[in-house]
There are 2 protein chains.
Amino acid sequence: MKNLLSNFKISINQNLFIKEPSSSELGKKIVSNSIEMIDEIGFENFTFRKLGLKIDSPEASIYRYFESKNQLLVYITSWYWGWMEYRLVLETANIDSAETRFEKAIALITTVNNDKLIIEGVEISKLHKIVISESSKSYLTKDVDKVNKEGAFHNYKQFVARLADIIKEINPSYKFPHMLLSTIIEGAHLQVFFAEHLPRLTNKQKSSNYITTFYTNLGLQSIKNSK
Amino acid sequence: MKNLLSNFKISINQNLFIKEPSSSELGKKIVSNSIEMIDEIGFENFTFRKLGLKIDSPEASIYRYFESKNQLLVYITSWYWGWMEYRLVLETANIDSAETRFEKAIALITTVNNDKLIIEGVEISKLHKIVISESSKSYLTKDVDKVNKEGAFHNYKQFVARLADIIKEINPSYKFPHMLLSTIIEGAHLQVFFAEHLPRLTNKQKSSNYITTFYTNLGLQSIKNSK
DNA sequence: CATTATTGATAGTATTACTATTATATTTGC
DNA sequence: GCAAATATAATAGTAATACTATCAATAATG
């Protein structure tokens with residue numbers, strides 16, 4: 001994580017907030033503290049009232065940035081996928097072999113890093129934990145179609161699309177790139193959660209990169225051996 | 001679904017309810033109507049008050065059966081996995097080949113059936129839709145560990161364990177049966193949801209069984225080609 | 001037929017998820 | 001440097017949620 005572009009900013013669809021959070025101190029505090037708080041107490045227990053108390057601002061002020069806590073969740077997960085796309089581009093730049101790029105990408109998705117990296121005020125490892133245990137709640141709702149139209153999942157889809165292109169390079173006739181990728185991404189997130197809370201639903205290993213290994217093999221086998 | 005055992009009843013851990021729902025008319029109405037209602041309006045919008053209005057019983061009476069709507073969700077998903085285990089046993093009985101049994105099992109998990117089958121008052125196709133879009137919310141919470149200890153996920157784990165045994169028969173040295181299975185199960189559920197709401201995250205096909213085919217191949221490849 | 005368990009009817013509470021209003025700072029444009 | 005615009009603070013209020021409590025009416029059971 002050395003060569004960060006200094007003038008780089010992750011772009012988030014305008015519909016995912018009322019007022020641009022990065023445009024003010026309060027906005028930045030809302031985002032960074034909400035990530036910390038959701039990580040600590042979980043999305044269900046998280047409220048704008050509690051966040052207001054934490055950052056010492058009235059609840060009503062937070063509502064000027066986000067119309068609901070769901071919108072905030074969508075915002076921070078979108079930010080995550082924007083960030084991941086940026087990392088993907090960096091990590092796979094100047095590498096000829098599509099297979100190597102695929103491997104790098106899967107490592108990116110499946111690796112849990114605990115170092116205290118802070119980008120744009122966001123503590124990445126905490127954000128990653130939120131994405132693992134909370135992000136599916138942003139689409140598993142009755143208003144998916146509505147928020148989807150507003151661009152809620154654009155960054156996620158774009159990340160998947162970029163990876164699908166790599167798969168197409170490896171095997172142009174492979175028919176299920178998006179299916180494979182959503183399986184790998186959501187699967188890998190689940191394994192991290194299961195390893196901690198429901199070990200009988202996974203196979204935790206001593207080595208730190210067993211999830212990476214598993215999904216890399218699973219993916220490459222499927223891509224290469226399809227008729 | 002012909003040869004149902006007439007004296008068969010799916011067993012649910014005692015901790016997952018206050019009063020046995022199958023022991024009374026009201027209890028059965030709570031379960032069957034909640035499934036219908038959660039399917040219609042989603043778990044977030046579902047409340048005991050609304051359910052009470054629907055079944056014309058006071059909210060407080062529902063609280064005598066379930067201590068919260070989360071407990072109810074855990075109950076009905078547990079019921080689902082109990083039912084799935086029952087089907088698994090039936091479908092794989094008297095079949096010698098472990099591989100064929102595995103294929104039957106994956107078909108069971110990945111097939112969406114719309115026929116109006118009702119078992120113990122439960123409309124299976126609606127329950128399946130709930131499991132697809134709501135069940136992960138029953139474990140993706142901060143109190144997973146607590147409810148897990150109470151047996152909330154016992155039926156799910158038992159179903160997975162039974163399938164893991166089949167995998168071990170196919171390849172005794174395969175190291176990731178549970179990981180593979182949770183990937184397939186949760187992945188397959190997601191693909192159904194994505195096909196309807198977020199098509200760019202899957203690869204919908206014309207054939208009705210493409211999800212089955214995909215996950216069967218994915219699974220068997222991984223099981224057989226592992227070192 | 002009396003006891004016990006179950007449900008209905010009703011009320012009440014703390015919290016949530018917001019919206020509204022007005023006052024006070026702070027920034028910016030001229 | 002001052003007015004105008006903008007952002008935030010402070011406070012209040014509302015409908016709904018997620019429960020708990022109480023007591024009467026009814027049904028089941030021994």
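As the structure is a prediction and not an experimental result, all values here were calculated from the model. Side-chain atoms are counted along with the backbone in the values below, which use heavy atoms only and exclude waters and symmetry mates. Chain identifiers are assigned alphabetically (A, B, ...) following the order of the sequence lines, protein sequences preceding nucleic acid strands; residue numbering begins at 1 within each chain.
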Should we count NZ of K204(B) as having more than 12 external heavy atoms under 6.0 Å? no

Indicate whether OP1 or OP2 belonging to [N] is found under 4.0 Å from a side-chain N or O atom of [X].
| X | N | result |
| --- | --- | --- |
| S57(B) | dG8(C) | yes |
| S61(B) | dG8(C) | yes |
| S24(B) | dT6(C) | no |

Given ring pair (Phe, Tyr, Trp, His ring centres under 6.0 Å), test H189(A) with F193(A) step by step and report yes or no. CA-CA 7 Å; H189(A) 288 164; F193(A) 187 88; over 10 Å; no

Using atom [atom1] of [X] as one end and atom [atom2] of [N] as the other, report the distance to the nearest whole Å.
| X | N | atom1 | atom2 | answer |
| --- | --- | --- | --- | --- |
| N45(A) | dA18(D) | CG | C1' | 13 Å |
| L26(B) | dA25(D) | CG | C1' | 15 Å |
| E44(A) | dA18(D) | CD | P | 11 Å |
| F66(B) | dA18(D) | CZ | P | 16 Å |
| L51(B) | dC19(D) | CG | P | 14 Å |
| L53(A) | dA9(D) | CG | P | 13 Å |
| F43(B) | dA18(D) | CZ | C1' | 12 Å |
| I55(A) | dA9(D) | CD1 | C1' | 12 Å |

Side chain D115(A), main chain L117(A), donor-acceptor under 3.5 Å: no

Hey, which of these two, K69(B) or A60(B), hits DNA chain D nearer its 5' end, going by closest nucleotide? K69(B)

How is [X] classified with respect to the nucleic acid when contacts are heavy atoms under 4.0 Å: base, sugar-phosphate, or nothing?
| X | answer |
| --- | --- |
| R64(A) | base |
| Y65(A) | sugar-phosphate |
| K50(B) | sugar-phosphate |
| E67(B) | sugar-phosphate |

Verify side-chain contact (heavy atoms from CB on, under 4.5 Å) between W79(A) and E120(A), making sure each step is shown before the conclusion. CA-CA 10 Å; W79(A) 193 94; E120(A) 291 184 30; 3.2 Å; yes

Side chain of P58(B) - closest among dA9(D), dT20(D), dT10(C): dT10(C)

By nearest heavy atom, map S68(A) and K19(B) onto DNA chain C; which one lands nearer the 5' end? K19(B)

Test of understanding: with side-chain contact (heavy atoms from CB on, under 4.5 Å), list the residues that count as partners of S135(A), not counting sequence neighbours. T77(A), V131(A)

